[in-house]
K.L.:
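Shown below is the structure under consideration.
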Amino acid sequence: MPPLDNLFSTFAKKANPKISQDVVEKVYFAGFPSKDASMSLSALSMNSRNISGMRESGSLGVVIEMLRRVDFDNRTDQTHIADLVRSVSILTEDKDTQERLMSNPYGVGAILRLCLNTSGKVQERIFNVLDSMCRTEVGMKMFLQHQVFEILLSPEMLYRSSTMQTVRMGTAQLINRVATMRPEEFPVPLLEAVMIVNGERTVDGAIEMQLLSALLSHLTWLTNEKRLLTDCTSIFVYLIDEIKAESFEDLEHVSGLLFLVSL
């Protein structure tokens, strides 16, 4: 018998509609090894003719269940994780499948854990899943219920060295977008904690402007509600110092800082 990945790659090329159902049944009822299952589903998902059958056979539920059991500290699981991320990213290109993921009690949590615990291209792929689902009102509400700001406003998403620049900038833009839609939810203390460490800015100027724009949305909401911002002053002290030191990256950066400090 040929290696399992070769076998399933062959079936995937032939677009056999029954093979994904066989994998699902074996994973659930026959103790099929999870790494073999993730490899098989990943191979199947790379052929567009298989996707509809995979969605109908319950493949997403299997992927979420395997994601729930992932050990991020185990280096031997990295290929397993990459295969699962590839499958879930392809399966959730469909809006109905996105809704099924969000209705799964472990689905949203699995996506957020992956964003926080992966890096490089794998993190970029799973972040794109998160970003796509947060473009609907239902998705945004669901992820806010799961404390999405705690994930987005983190070193792993905004400035860790192994996080790609596309993910860092995409995260900042997503923070800004969510804060614009739900300014009352924006956690200023988290912003302060991640953006300023030991008096130094952790992110580049472009990302800083996205984060400050999110802060502005929150401040505008506070003003409209006749509320005050309390217990969060270090960020404004830092902004004043940044202006005094003239540590600007471009004209947009300096104009944005001056506008915020003038409020």
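For reference, positions follow the sequence shown, starting with 1.
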K.L.:
Are the side chains of Thr166 and Phe127 in touch, meaning some heavy atoms are under 4.5 Å apart?
P.N.:
no
K.L.:
Can you give me the closest heavy-atom contact between Ser132 and Lys95, atom names plus distance?
P.N.:
OG-NZ, 4.0 Å
K.L.:
Crowded around Glu200 CD? As in, over 12 foreign heavy atoms under 6.0 Å?
P.N.:
no
K.L.:
Starting at CG of Leu211, measure out to CZ of Arg201 and round the result to the nearest 0.5 Å.
P.N.:
10.5 Å
K.L.:
Is it true that the side chains of Asn117 and Glu156 contain a donor and an acceptor less than 3.5 Å apart?
P.N.:
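No - no donor-acceptor pair under 3.5 Å links their side chains.
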K.L.:
I'd like to know if the side chain of Ser87 and the backbone of Asp83 have a donor-acceptor N/O pair within less than 3.5 Å.
P.N.:
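Side chain of Ser87 to backbone of Asp83, a donor-acceptor pair under 3.5 Å: yes, one is there.
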K.L.:
Among Thr92, Leu91, Ile90, whose side chain to side chain contact (heavy atoms under 4.5 Å, CB included) with Val88 holds?
P.N.:
Thr92
K.L.:
For Ile207, is there any backbone N or O sitting under 3.5 Å from a side-chain donor or acceptor partner on Asp204?
P.N.:
yes
K.L.:
Is the side chain of Asn128 donor-acceptor paired with the backbone N or O of Glu124 at a distance under 3.5 Å, no angle test?
P.N.:
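Pair found, side chain donor or acceptor close to backbone of Glu124.
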K.L.:
So Glu65 and Arg69, salt bridge (Lys or Arg N to Asp or Glu O under 4.0 Å) or not? Walk me through it.
P.N.:
CA-CA 7 Å; Glu65 180 61 24; Arg69 302 179 184 182; 2.8 Å; yes
K.L.:
Taking atom NZ of Lys141 and atom CE of Met102, what is their separation to the nearest 0.5 Å?
P.N.:
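Interatomic distance, Lys141 NZ to Met102 CE, rounded to 0.5 Å: 12.0 Å.
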K.L.:
Would you say Ser213's side chain and Met209's backbone share a donor-acceptor pair under 3.5 angstrom?
P.N.:
no
K.L.:
Any heavy-atom pair between the side chains of Ile196 and Thr202 that's under 4.5 Å?
P.N.:
no
K.L.:
What side-chain hydrogen bond (donor to acceptor under 3.5 Å, both in side chains) pairs are there with at least one residue in residues 214-225, not counting sequence neighbours?
P.N.:
none
K.L.:
Take Arg135 and Asp131 through the salt bridge (Lys or Arg N to Asp or Glu O under 4.0 Å) test and state the conclusion after the steps.
P.N.:
CA-CA 7 Å; Arg135 291 182 182 274; Asp131 185 67; 3.0 Å; yes
K.L.:
Between Gln78 and Ile81, is there a side-chain heavy-atom distance shorter than 4.5 Å?
P.N.:
yes
K.L.:
Begin from the C-alpha positions of Val203 and Arg168 and carry the test side-chain contact (heavy atoms from CB on, under 4.5 Å) through to its verdict.
P.N.:
CA-CA 9 Å; Val203 298; Arg168 299 182 197 183; over 6 Å; no
K.L.:
Any donor and acceptor pair, going by atom type alone, linking the side chain of Ser154 with main-chain N or O of Ile151 inside 3.5 Å?
P.N.:
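Yes.
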K.L.:
Distance check, rounded to the nearest 0.5 Å: Cys134 atom SG versus Met140 atom CE?
P.N.:
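Those atoms lie 6.0 Å apart.
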K.L.:
Checking the side chain of Ser59 only, and the main-chain atoms of Arg55 only, is there a donor and an acceptor separated by less than 3.5 Å?
P.N.:
no
K.L.:
Quick check: closest heavy atoms across Leu158 and Ala172, and the distance to 0.1 Å?
P.N.:
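Smallest interatomic distance, heavy atoms only, reads CD2-N, 4.2 Å.
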K.L.:
Write down the atom of Val197, the atom of Val194, and the distance for their closest heavy-atom approach.
P.N.:
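Scanning both residues completely, I find the closest heavy atoms to be CG2-O, 4.4 Å.
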K.L.:
Any chance you could measure Glu56, atom CD, to Thr97, atom OG1, to the nearest 0.5 Å?
P.N.:
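Nearest 0.5 Å value for the CD-OG1 distance: 9.5 Å.
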K.L.:
Tell me, yes or no, whether the heavy-atom count around Tyr159 atom OH, taken from other residues, nucleotides or ligands under 6.0 Å, exceeds 12.
P.N.:
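Yes, enclosed.
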K.L.:
Could you measure the distance from the CG atom of Leu152 to the CG atom of Asn176? Nearest 0.5 Å is fine.
P.N.:
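One finds 12.0 Å between CG of Leu152 and CG of Asn176.
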K.L.:
Can you list the residues that meet the ring-ring contact (aromatic ring centres under 6.0 Å, His included) rule with Phe186, with sequence neighbours excluded?
P.N.:
Phe149
K.L.:
What I'd like to find out is whether the side chain of Leu222 reaches to under 4.5 Å of the side chain of Leu228, using heavy atoms alone.
P.N.:
no
K.L.:
Can you check side-chain contact (heavy atoms from CB on, under 4.5 Å) on Val108 and Ile111, steps first, answer last?
P.N.:
CA-CA 5 Å; Val108 172; Ile111 298 301; 5.8 Å; no
K.L.:
For residues Met157 and Thr163, determine if any side-chain heavy atom of one lies less than 4.5 Å from a side-chain heavy atom of the other.
P.N.:
no
K.L.:
When clusters are formed by joining ILVMFWY residues with side-chain heavy atoms under 4.5 Å apart, either directly or through shared neighbours, do Tyr106 and Leu144 land in the same one?
P.N.:
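Yes, Tyr106 connects to Leu144 through the hydrophobic network.
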K.L.:
Kindly say whether Met39 contributes a backbone atom to a donor-acceptor pair with the side chain of Ser42 at under 3.5 angstrom?
P.N.:
no
K.L.:
Minimum heavy-atom separation for Cys115 and Leu130, please, with both atom names.
P.N.:
SG-CD2, 3.8 Å
K.L.:
Check Ala206 against Met169 and note the closest heavy-atom contact, atom names and distance.
P.N.:
O-CE, 3.9 Å
K.L.:
Tell me whether Arg182 contacts the main-chain N or O of Glu184 through its side chain, where contact means a donor paired with an acceptor under 3.5 Å.
P.N.:
no
K.L.:
For side-chain contact (heavy atoms from CB on, under 4.5 Å), just list the numbers for Ile175 and Gln210, CA-CA rounded to whole Å, side-chain angles, deciding distance to a tenth of an Å, and then say yes or no.
P.N.:
CA-CA 8 Å; Ile175 290 169; Gln210 291 289 330; over 6 Å; no
K.L.:
Looking only at heavy atoms, what is the nearest atom pair of Lys121 and Met164, with distance?
P.N.:
N-SD, 3.7 Å
K.L.:
For the residue pair Pro187 and Gln147, establish whether any side-chain heavy-atom pair is separated by less than 4.5 Å.
P.N.:
no
K.L.:
Are Ser45 and Ile51 packed together at the side-chain level, in the sense that at least one heavy-atom pair is separated by less than 4.5 angstrom?
P.N.:
yes
K.L.:
How long is the span from the CG atom in Leu67 to the CD1 atom in Ile126, to the nearest 0.5 Å?
P.N.:
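It comes to 7.0 Å.
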K.L.:
May I have the step-by-step check of side-chain contact (heavy atoms from CB on, under 4.5 Å) for Met195 and Leu212, ending in yes or no?
P.N.:
CA-CA 10 Å; Met195 197 177 91; Leu212 293 180; 4.0 Å; yes
K.L.:
Check whether any side-chain heavy atom of Leu114 sits under 4.5 Å from a side-chain heavy atom of Phe72, and report yes or no.
P.N.:
yes
